[in-house]
Q: 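Have a look at this one.
The chains referred to below are lettered A, B, ... by the order of the sequence lines, with proteins before strands, and numbering in each begins at 1. Computed from heavy atoms alone, side chains included, the values below leave out hydrogens, waters and symmetry copies.
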Amino acid sequence: MRSERYNSREAEAKWQKKWAELETFRTDNNDPRPKYYVLEMFPYPSGRIHMGHVRNYAMGDVVARYKRARGFNVLHPMGWDAFGMPAENAAMQNKSHPAKWTYENIATMRGQLKSMGLSLDWSREIATCDPSYYKHQQRLFLDFLQAGLVTRKKSKVNWDPVDLTVLANEQVIDGRGWRSGALIEQRELTQWFLKITDFAEDLSASLATLDRWPEKVRLMQRNWIGRSEGLRVRFKLAPNNTADATTIEVYTTRPDTLFGAKFIALAPDHPISLAAGAKDPEIAAFIEECRRMGTSVAALETAEKKGMDTGLRVQHPFDPDWQIPVYIANFVLMDYGTGAIFGCPAHDQRDLDFAHLKGLGVTPVVCPAGQDPATFQIDRTAYDGDGLLINSRFLDGLTPEAAQDEVARRLEAVMIDGAAQGARQVNFKLRDWGISRQRYWGCPIPIIHCEVCGTTPVPIKDLPVTLPEDVTFDRPGNPLEHHPTWKHVACPSCGKAARRETDTMDTFVDSSWYYARFTDPAITDAPTSAAANHWLPVDQYIGGIEHAILHLLYSRFFARAMQMTGHLAVKEPFAGLFTQGMVVHETYRASDGSWRSPGEIRIEGTTEGRRAFALTDGAPVSIGPIEKMSKSKRNTVDPDEIIGAYGADTARWFMLSDSPPDRDVIWSEEGVQGAARYVQQIWRLVSELTELSAGATGFSDDVPAPALEIRKIVHSHLLRVQDHIERLRFNTAIADIRKMTNALSASIASITDPAEITPDLRAAYAEALDMLIQMFAPMMPHLAEECWADTGHTGLVAEAGWPVADAQLAAQDTITLPVQVNGKKRAELVIDSDAPNGQIEAEALKLDVVARELNGRTPKKVIIVPKRIVNVVV
RNA sequence: GGCCCCUUGGCGAAACUGGUAAACGCAGUCGACUUAAAAUCGACCGCCUCUGGCUUGCGGGUUCGAGUCCCGCAGGGGCCA
């Protein structure tokens, strides 16, 4: 006996158990069907899943279940991005251990994800903090080292003197450490780097091949890599200079503006600056002042421009008698280009500001079209557009592009001290990836420092280098450094007492290759097997836009490095990328300014007059803007509570239905209730269709109108839903499913006499019933299984495949064409869909309204767009 | 400051390559059922001077035809500075 209302709680638990028992979603690497790899960005085990996860994984699951139904061997794994600072912070606060905290969170979150009914192959679950994972990461590090993709060099870092740790730029807020609040110092530390710049050219160029990535993400990566073509130019120091050097080398992307040069600017830590500082205490003080400003590029740009004359002068490359002053400037970066620039104030805003500051003069050398070269002046705004060269001797009249070429050509031919004065160079903004972190909860870098042998790799047979478990977090700094014994080891090469590297790897390393590990997660002797080449690239990767640059770029680098070291055959890990929008919610604030959670308030009134009150004391609460769900603003909704109250299917359906997937979705109680109502509506419709289709046998040779109508509705909607899912337009797929159920309900309601139910109609309802269940199964899998079983099927709908749409049935016999007169719609014409244009024109002109509009005039022309529109032009 | 994106009813939105603007839903109004409520069902639901006219942030352009393409402006967002 079937219950009136669908009980999601019972049904969801039942089907999740069934899928687990039958291992429905376990994927066999040797399955002969075509492969499809769906991956959602794996979560950080922060404690509990949030609505953003629900949205991300609901989308991925629709794709996975849909592709499985379409006959693909689908890989859809899940794991944990499990290393990182929050575990250490929690350990400090709770006097616990990061591993305990992390694994407890994983257990909780695994349970939560399972309650969503995701079609995941849990047998492939990995956690990056597990030695069985990071062992292979250490192996990759050693192979990269051998291949020359790892370096160790001094680098400036943000140093927190209280926490005794290095901070990332985004952890420095207003010059202070985000945790300690201490003033951050710039320190030079020896750090490990992965040489991502070796692949800069390819990482930039190959973006063009990623045609299933959002254009926005490709653009962001392109800008980040920052490829530019320019010229290295060596300026000779004027003969009477006191410097030890004889030339200053600059990098410029605008060699065409060389005749507009007014100064040379050096980075404060340029060797020539330092040498000048050594001789002149005033210069030394200025360099020290620049250092205190911070390293972030944004900080440099917004800071007031400052410079100091070194007293040095260089000769213009094309005129030895023309001397140019050399400044040390706070806006020049040592690690971009050569750490020195020449300034052309007329055509670069920064240079112009500096020239005004120092009174260096401005000479325009590029004149825009339509301006008179004799009078063209630059005042407060530099001109960086196109035009023709002026005031530039032999370059006059050339375009900037031609002038750049000419300057390069001439300077390449001039030799100074055995080297060309000018050399063309491609430059990148991209820097090598510093992976050293002075933290405990990360992957140990498998290196031993020996006083005799130097930095020595840990032999592969000794991997993994595991983290010691007995660590304490009661004092600042790196617990690995404090550990009494861990770092003391024998040198693997000479056997003498040596010291382990105590830096661990940036957690971005962990997530740069997990997609490859999922393809064969159990192998113990290598990071990857041939399975990786079978499965990769990932066909559809889904995650947040916040990873548009770093994670995706690092992963692209890793695939290339793994290819170079024989661990992978592909260089692009993600063929298709989709970036989903956030889950946002209204915010609520009490009169004292503190935030209130949605569970602590009640809302009165509708639309305009909505007001909120605290549940506890009825005090008014102001309704604030809709913002990203966050703990700090307390506008979060707990997925557990939603799933408990409404069921996973309702939560999934609402997440997918309300907004396009790449836009933000507003979580609202009304919206969820609408989805819950729809679940019950389907339940009733399925019950009615089951009754009407009882005893259905099959279609006759000539299906009569009412039954044919049902078939047309179902097949045409199936085609559209398919198309929408393929293009990840889940919101419109859902709209079409709802439309189809509306049409089926209307059809059932129109039956007044049981005699109308012919065998053909019975068969049509039977077909509609099965197809409907199969169509919503990817979104609401539990409800689908319950309905499928309830309508007499023995197997799982998850195994049932995808229904086949009959395009002929879906096609329309007659169509309604709008008829316009002079572009304004005046009438509609119902006509056979295959009617020839001549007939369409004749019938359109015969329409009363059209005849009235024409008022006896003959149409100039009649435009007929097949199956679209008729436009009569008078 | 530069580059990119967005702007459609009260709200979320739909409209694939230029071709009936507002599908599907949320909220709302009215009605049916009910002692009542919930649930459910039915009707309505952009604006106006309403047999017609207008409407996709604002102004212009291209076109037989513009939400869609082009130019300018305004507002919002993102990335890089």
Q: Roughly how far apart, to the nearest Å, are G18(B) and G67(B) at atom P?
A: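 Straight-line distance between the two P atoms is 13 Å.
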Q: Please report, rounded to the nearest Å, how far the P atom of G1(B) is from the CZ atom of F354(A).
A: 22 Å
Q: Counting Watson-Crick and G-U wobble pairs only, both distances under 3.5 Å, name the nucleotide matched with C3(B), or none.
A: G78(B)
Q: Take H724(A) and G674(A), find for each the nucleotide of RNA chain B with the closest heavy atom, and name the residue whose nucleotide sits nearer the 5' end.
A: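 By nearest-heavy-atom nucleotide position, the 5'-most residue is H724(A).
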Q: Does OP1 or OP2 of A13(B) have a side-chain N or O of R663(A) closer than 4.0 Å?
A: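 For A13(B), OP1/OP2 do have a side-chain N/O of R663(A) under 4.0 Å.
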Q: Describe the nucleic acid contact of D723(A) in one word from base, sugar-phosphate, nothing, applying a heavy-atom distance below 4.0 Å.
A: nothing
Q: In whole angstrom, what separates E669(A)'s CD from A27(B)'s P?
A: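 Answer to the nearest Å: 11 Å.
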Q: Looking at N223(A) and C80(B), is any side-chain donor or acceptor paired with a base atom of the opposite kind under 3.5 Å?
A: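 Side chain to base: no pair present.
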Q: Heavy atoms only, 4.0 Å cut-off, all strands: where does K825(A) land among base, sugar-phosphate and nothing?
A: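 Contact class for K825(A): base.
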Q: From the set C26(B), G19(B), C79(B), return the single nucleotide nearest to any side-chain atom of Q820(A).
A: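 Looking only at heavy atoms from C-beta outward on Q820(A), the closest nucleotide is G19(B).
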Q: Mind checking who U40(B) pairs with, Watson-Crick or G-U wobble, both distances under 3.5 Å?
A: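 Pair assignment: U40(B) / A32(B).
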Q: Nearest whole angstrom, please: distance from the C1' of A39(B) to the CD of Q673(A).
A: 13 Å
Q: Suppose you measure atom P in U34(B) against the same atom in C50(B); what distance do you get, rounded to whole Å?
A: 42 Å
Q: Which part of the nucleic acid, if any, lies within reach of T816(A) when heavy atoms closer than 4.0 Å are counted: base, sugar-phosphate only, or nothing?
A: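 Base contact - T816(A) has a heavy atom under 4.0 Å of at least one base atom.
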Q: With both distances under 3.5 angstrom, what nucleotide forms a Watson-Crick or G-U wobble pair with A15(B)?
A: none
Q: Are there over 12 heavy-atom neighbours, none belonging to R212(A), within less than 6.0 Å of that residue's CZ?
A: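 More than 12 within 6.0 Å, yes.
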Q: L430(A) has an atom CG; how far is it from atom P of A81(B), in whole Å?
A: 12 Å
Q: Hey, what's the ring geometry for F508(A) with Y554(A), parallel, tilted or perpendicular (30° and 60° as the breaks)?
A: perpendicular
Q: Taking 4.0 Å as the cut-off, does a side-chain nitrogen or oxygen of R720(A) come that near to OP1 or OP2 on A15(B)?
A: no
Q: Using both distances under 3.5 Å as the test, list the Watson-Crick or G-U wobble partner of G72(B), or none.
A: C58(B)
Q: Which base, if any, makes a Watson-Crick or G-U wobble pair with A27(B), both distances under 3.5 Å?
A: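 Check on A27(B): unpaired, no WC or wobble geometry under 3.5 Å.
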Q: Does some side-chain heavy atom of M780(A) sit less than 4.5 Å from a side-chain heavy atom of V679(A)?
A: yes
Q: What contact category does R222(A) fall into here, base, sugar-phosphate, or nothing, at under 4.0 angstrom with non-hydrogen atoms?
A: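 It contacts nothing in the nucleic acid.
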Q: Base, sugar-phosphate, or nothing: which does R218(A) touch, judged by heavy atoms less than 4.0 Å apart?
A: nothing
Q: Rounded to the nearest Å, what distance is computed from the CZ atom of residue R729(A) to the C1' atom of nucleotide A23(B)?
A: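 Going from R729(A) (CZ) to A23(B) (C1'), I get 13 Å.
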Q: With a 3.5 angstrom cut-off on both distances, give the Watson-Crick or G-U wobble partner of G65(B), or none if there isn't one.
A: none
Q: Quick one about T197(A) and D432(A) (side-chain donor to acceptor, distance below 3.5 Å, no hydrogens or angles considered), yes or no?
A: yes
Q: Hey, is G31(B) sitting syn or anti, using the within-90° cutoff around 0?
A: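 Base orientation relative to the sugar is anti.
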Q: Remember a base hit wins even if backbone is also touched, and classify D736(A) as base, sugar-phosphate or nothing at under 4.0 Å, heavy atoms.
A: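 The residue D736(A) makes no contact with any strand.
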Q: Under a 90° cut-off about 0 for the syn range, is C26(B) syn or anti?
A: anti
Q: For the pair made of CD1 in I666(A) and P in G25(B), what is the distance, rounded to whole Å?
A: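 To the nearest whole Å, that distance equals 19 Å.
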Q: I need the CD-C1' distance between E215(A) and C79(B), as an integer number of Å.
A: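 The answer, rounded to whole Å, is 13 Å.
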Q: Heavy atoms under 4.0 Å, any strand shown: does T732(A) hit a base, just sugar-phosphate, or nothing?
A: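 T732(A): backbone/sugar contact only, no base atoms under 4.0 Å.
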Q: Looking for any heavy atom pair under 4.0 Å, which part of the strands does I734(A) touch: base, sugar-phosphate only, or nothing?
A: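 Contact class for I734(A): none.
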Q: Here's a test of your reading of the structure: between L219(A) and G671(A), which maps to the more 5' nucleotide of RNA chain B?
A: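 Result of the comparison: L219(A).
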Q: Mind checking the C1' distance from U20(B) to C64(B)? Whole angstroms is fine.
A: 16 Å
Q: Check every atom of G19(B), U40(B), C64(B) against the side chain of I869(A) and return the nucleotide holding the closest atom.
A: G19(B)
Q: Hey, are E215(A) and R218(A) close enough for a salt bridge, meaning a charged N less than 4.0 Å from a carboxylate O?
A: yes
Q: Just call it for K429(A): base, sugar-phosphate, or nothing, with non-hydrogen atoms closer than 4.0 Å on any strand.
A: sugar-phosphate
Q: Ring of Y678(A), cation from R738(A) - is the NZ or CZ under 6.0 Å from the centre and inside 45° of the axis?
A: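 Judged by the rule (NZ or CZ under 6.0 Å from the ring centre, within 45° of its axis), R738(A) counts as positioned above Y678(A).
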Q: Report yes if at least one side-chain N or O of N871(A) is closer than 4.0 Å to OP1 or OP2 of G19(B); otherwise report no.
A: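 No, no such contact exists.
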Q: With a 4.0 Å cut-off on heavy atoms, is R868(A) in touch with a base, just the backbone sugar-phosphate, or nothing at all?
A: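 Touches a base.
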Q: How about CD on E726(A), more than 12 heavy atoms from neighbouring residues, nucleotides or ligands closer than 6.0 Å, or not?
A: yes
Q: Can you identify which nucleotide, out of C80(B), C64(B), A14(B), has its nearest atom closest to the N731(A) side chain?
A: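 Of C80(B), C64(B), A14(B), A14(B) is nearest to the side chain of N731(A).
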Q: Taking atom C1' of G12(B) as reference, at what distance in whole Å does atom CZ of R738(A) sit?
A: 13 Å
Q: Regarding Y541(A) and S555(A), is there a side-chain donor-to-acceptor distance under 3.5 Å anywhere?
A: no
Q: Counting only side-chain heavy atoms from C-beta out, which of A13(B), C80(B), C41(B) sits nearest to R684(A)?
A: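 So the side chain of R684(A) is nearest to C41(B).
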Q: For Q680(A), answer base if it contacts any base atom (sugar-phosphate contacts may also be present), sugar-phosphate if it contacts only those atoms, and nothing otherwise; contact means non-hydrogen atoms under 4.0 Å.
A: nothing
